[in-house]
Amino acid sequence: MTADILATVTTLALSPAVIFAVLTGVLLGVTVGAVPGISGDMAMALLLPYVFTMDPAPAIGMLMGVYKGGLFGGSVSAILFGVPGTPGAAATILDGFPAKEAGYPNRALHVALYSSVAGDFAGVLVLVFVAAPLAMLALSFGPREFFALYLASIVIIAGLDRGRIAKGLAAAWLGVLLAMVGRDPFSGAERLTFGLPELGSGLGLIPVLIGLFAVSEILLQAARTWRESNSGKTNTIAAADKSLHYLANDHLGWREFRSLWRPVAIGSATGTFIGALPGAGATLAGFLSYGLARRASKHPERFGTGSLEGVAAPEAGNSATACATLIPLFAFGIPGSGSAALIGAAFMMQGISPGPTMIDDNMTIVYAIFVLLLIGGIFNLLTSKLLLPYYSRIAMLQPRYVLPVVLGLAVLGTYATNNVAFDVWVLLAAGLLGVAMRLLGVPIAPLALGFILGPGLERALRQSLILGHNDLAYLVASPAAIAIYAASTAMLILLFRAHSTRP
Amino acid sequence: MKTSFPKSLVAHRKRPDAALGLGLLLISMVGLLHIWFGRWESGPGVGSWLIPLIAYLCMALAAIVILWSPLAEISENDETEPDVRCPVVVAAAWAILLFLTVLNIGLMVGTFAAVLLATWCLTPRDQQAWLPILFTSSLAAVGFWFIFGILAPIIV
């Protein structure tokens, strides 16, 4: 039986089409990650209509490839231009850019690559060994425990952004509200449709997610580029010193990288832990890893001046979150971050519901995905090592050429999914909502997570109330539910303190 | 310890925060009135209004905090930047134009025309050259034709 499963998993994971999908994802991820302003999340959102038609294993493998590649790609422009390609690479600038200024960008880029891959492998291993036992534990949960999980996740995710707690909570509940549009799953009656028959089946996952994550960012960047082009200002990166001639002059030796094991280990452990918690994310993991590595370093005074330890720790940290963030998704069906929400959406589009029964019901697919996550890491290492000199050129691509094409892909890709024009209007409405939120300083991820978690939250609450005969005390009359509320409160305090003390 | 910001900067952030708070409060109030007076069909157990009710109440609470909390002053987007609202609307209108031209004229011609227009408008006047703009537009048209005309029908 086990041998049969192993054989099926191997056949599935190592088929040429699947390998090609993962390789394409990694290449795409590093490329878009290297271009400042196009984050891995945006690329994943844009890919949703295209992976919709693929089988689950290559679809998820490709998206994870984009995510992993994007996390490393973000460090390319962070090191070469001092502009993080993705938010997760923000901590890499602290020492990466000074390293480039000091004349060794190639060493810094290679340290970032190797540390990123090491952190990523740590995340995969933890995912493989932790997700299944947690899912088995979650199988014993009833509706009230799931309600506790959903509620705690929404509050933690929304409440983590320093200075934007109220805005995060408002966004999360607005997301839940948007998820209520359409038919009530219990009575079948329509609600919040305002008489529009197109809203009867609810707001589509693809247009809402692409609109929030991708279109809003593209619209804002296009607007800024247009303003710059009219004001005569030049693009920061285009104006930056294109110091590619440094690349030939400095090399990273194996012995030198081996001496960085301590910050890599600290980053990997921190990133894995932070990534597994709902809402924490790659940016926090990067900064926390940097702070801890500086504290543990024999030469803390070198941090901030181009220390390779200061590049290794945040890179290992932010990459370790890539797979660890899937742990709550695989075990409880709760996406712990915006990226995990997009992966969760891809699973749902494939007809696979993330949650405790997912591993049991789709064992071969899930284990094939585990194998593909490892393969994706290896591809990331090989392709990035080979193409590193070219990525610095990609990072200098002019937004005026990229943005119209990317926006066109978003619009036509959304339309092509169902051939429904209404989806395009929802996409643009979600994009404009995202723009308004970004301009007002309201975080986007809580809204997306609220939108995804909303139906589960409603189902769990209403089932609990039916079981408890409408007695609210029933919701907290379970030791597991109480433990979830207590643990999430402790987690919230812990993470809030970590956010407050980041360098 | 309270973070101190220059007065002008706080005023700059507080105005949009007040608008956001008021907007959220207005949505919540209208939503609560809709739940109270609207036609909500009942189902098994508690009605379908329960989660919307909780959502509106939480949004109203968050709006009150945004309006009155000192936290409203500590926003991470404190840098001032030029007003981008009008160009954002223009960019969204361009997306609609692209969609309609592709639907009515055709994929390749529609994409070529729309991308040409966008790259021309986004390029600074002193750097406007036909060759890169035509190259980008043609590449986009061929790429879109390959993705949506060739690749998509094969996959589906």
Side-chain angles (χ1 to χ4, degrees), chain A residues 50 53-54 161-167 169-170 173-174 176-177 180 184 186-189 191-192 215 218-220 222-232 399-401 403-405 407-409 411-412 415-416 421 424 428 431-432 435 439-442 454 457-458 461-462 465-466 470, chain B residues 13 16-17 19-20 24 31 40-46 48-52 54-56 58-59 62-63 65-66 69 71-72 74-77 81-82 84-85 87-88 90-92 94-96 98-99 102 111 114-115 118-119 121-125 132 136 140 143-144 147-148 152 155-156:
Chain A
Y50 306 100
T53 50
M54 296 162 73
D161 219 328
R162 185 174 46 169
R164 302 198 289 184
I165 298 166
K167 291 179 181 178
L169 281 172
W173 285 104
L174 182 62
V176 172
L177 196 63
M180 297 298 112
D184 170 23
F186 284 74
S187 67
R191 59 182 167 178
L192 302 171
V215 172
I218 302 166
L219 290 178
L220 263 180
R224 285 175 185 145
T225 309
W226 188 75
R227 281 267 180 236
E228 276 175 13
S229 76
N230 281 305
S231 65
R400 60 176 179 259
Y401 298 125
L403 294 172
V405 179
L407 186 52
L409 272 177
V411 171
L412 298 183
Y415 176 70
V424 176
L428 291 174
L432 289 172
V435 169
L439 290 176
L440 291 167
V442 182
L457 178 84
E458 179 179 43
L461 176 60
R462 288 173 71 180
L465 290 177
I466 290 171
N470 289 343
Chain B
R13 286 300 311 163
D17 280 354
L20 172 70
L24 279 172
W40 291 76
E41 291 180 32
S42 57
V46 186
S48 58
W49 45 264
L50 181 61
I51 290 287
I54 296 172
Y56 286 132
C58 290
M59 280 165 60
V65 175
I66 290 168
S69 166
L71 279 176
I74 311 168
S75 183
E76 293 200 346
N77 261 0
E81 67 165 330
V84 289
R85 282 173 294 185
V88 160
V90 172
W94 176 85
I96 296 172
L98 167 86
F99 180 57
V102 166
T111 306
V115 173
T119 33
C121 292
L122 291 175
T123 308
R125 299 287 166 267
T136 310
F144 279 27
I147 292 171
F148 298 107
I155 296 173
V156 176

Open item on the list: Is the shortest side-chain heavy-atom distance between A/Arg400 and B/Thr136 below 4.5 Å?
Closed with: no
Task: Atom of A/Arg191, atom of B/Ser48 and distance for their closest heavy-atom approach - done: NH1-O, 2.8 Å
Task: Selection from A/Gly431, A/Gly454, A/Ala223 maximising heavy-atom pairs under 4.5 Å formed with chain B - done: A/Ala223
Task: Residue pair A/Val176 / B/Ile54, side-chain heavy-atom distance below 4.5 Å - done: no
- [ ] Output the distance between atom CG (A/Leu403) and atom CG (B/Leu122), rounded to the nearest 0.5 Å.
- [x] 7.0 Å
TODO: Give the member of A/Leu412, A/Val411, A/Thr225 that has the highest number of heavy-atom pairs under 4.5 Å with chain B.
DONE: A/Leu412
TODO: Please flag which part of A/Leu428 lies under 4.5 Å from any non-hydrogen atom of chain B: side chain, backbone, both or neither.
DONE: side chain
Task: Residue A/Leu409 versus chain B: region with a heavy atom under 4.5 Å - done: both
Task: Any side-chain heavy-atom pair of A/Leu439 and B/Val84 under 4.5 Å - done: yes
Open item on the list: Below 4.5 Å, heavy-atom pairs only: which of A/Ala189, A/Gly408, A/Gly188 has the largest tally toward chain B?
Closed with: A/Gly408
Open item on the list: Only pairs of heavy atoms separated by less than 4.5 Å count here; which of B/Gly143, B/Pro132, B/Ala140, B/Gly31 has the most with chain A?
Closed with: B/Pro132
- [ ] Heavy atoms only, distances under 4.5 angstrom: which of B/Cys58, B/Ala92, B/Ala63, B/Ala114 has the most pairs with chain A? Name it, please.
- [x] B/Cys58
Open item on the list: Please classify the contact between A/Leu465 and chain B as side chain, backbone, both or neither, with a heavy-atom cut-off of under 4.5 Å.
Closed with: side chain
TODO: Starting at CG of A/Leu169, measure out to CG of B/Leu24 and round the result to the nearest 0.5 Å.
DONE: 11.5 Å
- [ ] Mind listing the closest non-hydrogen atom pair of A/Pro404 and B/Trp94 along with its distance?
- [x] O-CH2, 3.3 Å
Task: Which portion of A/Val215 sits near chain B, non-hydrogen atoms under 4.5 angstrom - done: neither
- [ ] Identify the two heavy atoms, one from B/Ala91 and one from A/Ala222, that lie closest to each other, and give their separation to 0.1 Å.
- [x] CB-CB, 4.3 Å
Task: Nearest non-hydrogen partners of B/Phe144 and A/Val405, listed with the distance - done: CZ-O, 3.4 Å
- [ ] Measure across B/Pro87 and A/Trp226 and return the closest heavy-atom pair with its distance rounded to 0.1 Å.
- [x] CG-CE3, 3.6 Å
Task: Considering all heavy atoms, the nearest B/Ala95-A/Leu407 contact - done: CB-CD2, 4.1 Å
Open item on the list: Within the structure provided, determine whether B/Val102 and A/Tyr415 are in side-chain contact (heavy-atom separation under 4.5 Å).
Closed with: no
Task: Toward chain A, the part of B/Val88 with a non-hydrogen atom under 4.5 Å - done: both
Task: Spatial distance of atom CZ (A/Arg462) from atom CD1 (B/Ile51) [nearest 0.5 Å] - done: 8.5 Å
